[in-house]
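When reading the values below, keep in mind they use all heavy atoms of this one structure, side chains included, and skip hydrogens, waters and symmetry mates. Each chain gets a letter, A, B and so on, in the order its sequence line appears, and its residues count up from 1.
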2 protein chains.
Amino acid sequence: MNREKQLRDFLLHGDKIYMPRVSVDCVIFGFHEDQLKVLLLRWKDGRWCLPGGFVKWDESVDDSAVRTLQERTALNNIYLQQFHTFGAPDRERGKKLKDIPDSKKSWLRDRFVSVGYYALVEFSKVHPLPDWLSDECRWCDIHKVPALIYDHNEMVETALEKLRMSLNDHPVGYNLLQEKFTMPELQRLYETILDKPLDRRNFQKKMLSLGILERLKERKTGGAHKAPFLYRFDKKKYERAMKQGLKLGF
Amino acid sequence: MNREKQLRDFLLHGDKIYMPRVSVDCVIFGFHEDQLKVLLLRWKDGRWCLPGGFVKWDESVDDSAVRTLQERTALNNIYLQQFHTFGAPDRERGKKLKDIPDSKKSWLRDRFVSVGYYALVEFSKVHPLPDWLSDECRWCDIHKVPALIYDHNEMVETALEKLRMSLNDHPVGYNLLQEKFTMPELQRLYETILDKPLDRRNFQKKMLSLGILERLKERKTGGAHKAPFLYRFDKKKYERAMKQGLKLGF
DNA sequence: TATTCATTGTGTTATCAATACGCAATAAGA
DNA sequence: TCTTATTGCGTATTGATAACACAATGAATA
């Protein structure tokens, strides 16, 4: 079988391409139907995990995260942020490599330290792709993440905390929403990330006061009530405001 | 010579104790004479670097940072914070291992990824100790850091940025100052870290409003002017306030 | 067609925090 | 004793945040 040969070759000779002891894992956030989502992989043995990968000898750790992201989402120019490195000695304890011949000689045998990144992507543009070890790659509601391998649940938690903290300096809506969006949509994004309700009117006031939004003439029709305006980020004003550092203060 | 044998043994067999490819570097901050300081090492070849070390096979990356700290400062219970991982493929380019026999076989040969930590210590309690590769371990003013090896200058910059950002959530004075201190001393600490002047009266008002300081009956005499009160942190109130998250807002 | 209803857009007011100062008290030196 | 730089405490002003009122709208319903 071809895949078996591929796996065996990876186990025994992967260290010619990849640096041992260091890996990368990505918490990829998306926003859909008023819910914050993360992208998960299901291994052939049924267990769930975060998208991740290894670092090539001649590439930076950051670049290996970019590569992982591209391979799983088919997206370029992704907003990516290193958030923490996980280095417990037993973090990969488990049945890794079990039943695989020659695994004792593999470069994967001993412990790995993993550098965690989180990414913000536009949900509708993503086409999730499983890797060659996985059967499935799909979005999962942030509140319904199943048990993941190793310390990956902790990674999701930590990534969400860091995302929350960066909320005051980085208008994450720019990366998570579609180009055109309504004020209620933007508000629900913030409410979902912060996990608390915000006053509708004060939220709108604060967002508009930042001067980074452009109101379009269109409205979003089709809803059952008053049609809200559509907005988009004004890229120039957005970047000018970012340099001076936003202060949202939620 | 004994030291040469020790070095050779470390180069050839260190990987029995230490995990290759991953290292740890520490930016150790202290505060003395109104200046923020970092602890630096001078190698036998004259170059300066940050205190760092390697990760034992059975210890966590965090623990290896704690061990490094203890070995350089002879302190326990140090406030330590992982702040970034540095993983450029050429970050150790230079004359590492040059002129050392058998270096081609060493586990140190290829690239390392380094996990950066910063520490806050009480200057007066530290007894800087060089490691076995260094001649000297001493404090250096944050504004006068010389050229350091590899990417260590970038590490200092990044650590300072992160320290600044954490200033609003963590009253760093608790870790950097002596037990008893005056309000002007606390203010100058903040001014040094933020690199900007603060209004004396508003600073005092805000600090006292946090309710984590205890004013002592003593005053600090000996100065050329009005004797300021001495304060210390009220540990219970301090920790209670920390759980709810301080908001300093400088 | 008129009515109902949930939702949106735009205010106003009250409260709290941050900033900019004024001034008396004080310790050391002249 | 007087001067000087500094400390402790206080107030006025400004600005931001939080709480709430109300008219406008678009679809569903009677």
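- If you measure from atom CZ of B:Phe229 to atom C1' of C:dT26, you get 11 Å, rounded to the nearest angstrom.
- Side-chain contact between B:Glu185 and B:Lys220: present, with at least one pair of heavy atoms (C-beta onward) separated by less than 4.5 Å.
- Listed nucleotides C:dC23, C:dA20, C:dT12 differ in distance to A:Lys205; the shortest reach to its side chain belongs to C:dT12.
- The side chain of A:Gln204 lies closest to C:dT10, out of C:dC21, D:dG8, C:dT10.
- Rounded to whole Å, atom P of C:dA27 lies 13 Å from atom CG of B:Leu230.
- Among the nucleotides D:dT17, C:dT8, D:dC9, the one closest to any side-chain atom of A:Pro228 is C:dT8.
- Remark: P of D:dT17 and CE of A:Met207 are 12 Å apart, rounded to the nearest angstrom.
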Which atom pairs, one a donor and one an acceptor, fall under 3.5 Å between side chains of residues 28-37 of chain B and the rest of the protein, sequence neighbours left out?
from    : atom 1 : to       : atom 2 : distance (Å)
B:Asp34 : OD1    : B:Arg188 : NE     : 3.1
B:Asp34 : OD2    : B:Arg188 : NE     : 2.8

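- B:Cys137 places none of its side-chain heavy atoms less than 4.5 Å from the side chain of B:Leu129.
- For A:Arg201 against D:dA21, a side-chain-to-base donor-acceptor contact under 3.5 Å is present.
- Using a 4.5 Å heavy-atom threshold, the side chains of A:Met207 and A:Met183 count as touching.
- A search for salt bridge (Lys or Arg N to Asp or Glu O under 4.0 Å) contacts involving B:Lys226 returns nothing, not counting sequence neighbours.
- Taking atom NZ of residue B:Lys206 and atom C1' of nucleotide D:dC9, one finds them 18 Å apart after rounding to whole Å.
- Atom CG in A:Asp199 sits roughly 12 Å away from atom P in D:dA21 (whole-Å rounding).
- Side-chain atoms of A:Asn202 come within donor-acceptor range of the base of D:dA19, with a qualifying N/O pair under 3.5 Å.
- Spacing between atom CG of B:Leu208 and atom P of C:dA17 amounts to 15 Å, rounded to whole angstrom units.
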Could you list the protein-to-nucleotides 25-27 of chain D atom pairs, N/O on both sides, closer than 3.5 Å?
from   : atom 1 : to       : atom 2 : distance (Å)
D:dA27 : O4'    : A:Ala224 : O      : 3.4

